[in-house]
Amino acid sequence: MTAAEEWATQRGFTHGEIHGELTAQRFYERCGYRVTAGPYDEDGAPVVIMHKQLL
């Protein structure tokens, strides 16, 4: 995650967005992401949308 976020900030991105399965939600929260929508069903799995300010 850190490498992807560094890549994004080097290219001018200021926030990250993840559509992650509920089973991975705690991992993304530990990385600083917060749920902004959901859950909703995607291909039979519950998914939440998460955001993080990168800069």
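Numbering of residues begins at 1 and proceeds along the displayed sequence. These numbers come from the heavy atoms of this one structure, side chains and all, not from hydrogens, waters or symmetry mates.
Under the side chain to side chain contact (heavy atoms under 4.5 Å, CB included) criterion, T14 pairs with Q53, L55, sequence neighbours left out.
When all heavy atoms of G16 and L54 are compared, the pair lying nearest together is N-CG, 3.8 Å. The two residues G38 and V48 make their nearest non-hydrogen contact at C-CG1, 4.4 Å.
Residue R30 holds its CZ atom at 11.0 Å from CD of Q25, rounded to the nearest 0.5 Å.
At a threshold of 4.5 Å between side-chain heavy atoms, the hydrophobic network of Ile, Leu, Val, Met, Phe, Trp and Tyr places I49 and I18 in two separate groups.
Under a cut-off of 6.0 angstrom, the local environment of CZ in R11 is crowded, with over 12 non-hydrogen atoms contributed by other residues, nucleotides or ligands.
Judged as a salt bridge (Lys or Arg N to Asp or Glu O under 4.0 Å), the pairs with a partner in residues 33-55 (not counting sequence neighbours) are, in order, E5-K52. Applying the ring pair (Phe, Tyr, Trp, His ring centres under 6.0 Å) test to pairs two or more places apart or on separate chains, those with a residue in residues 10-55 are H15-H51.
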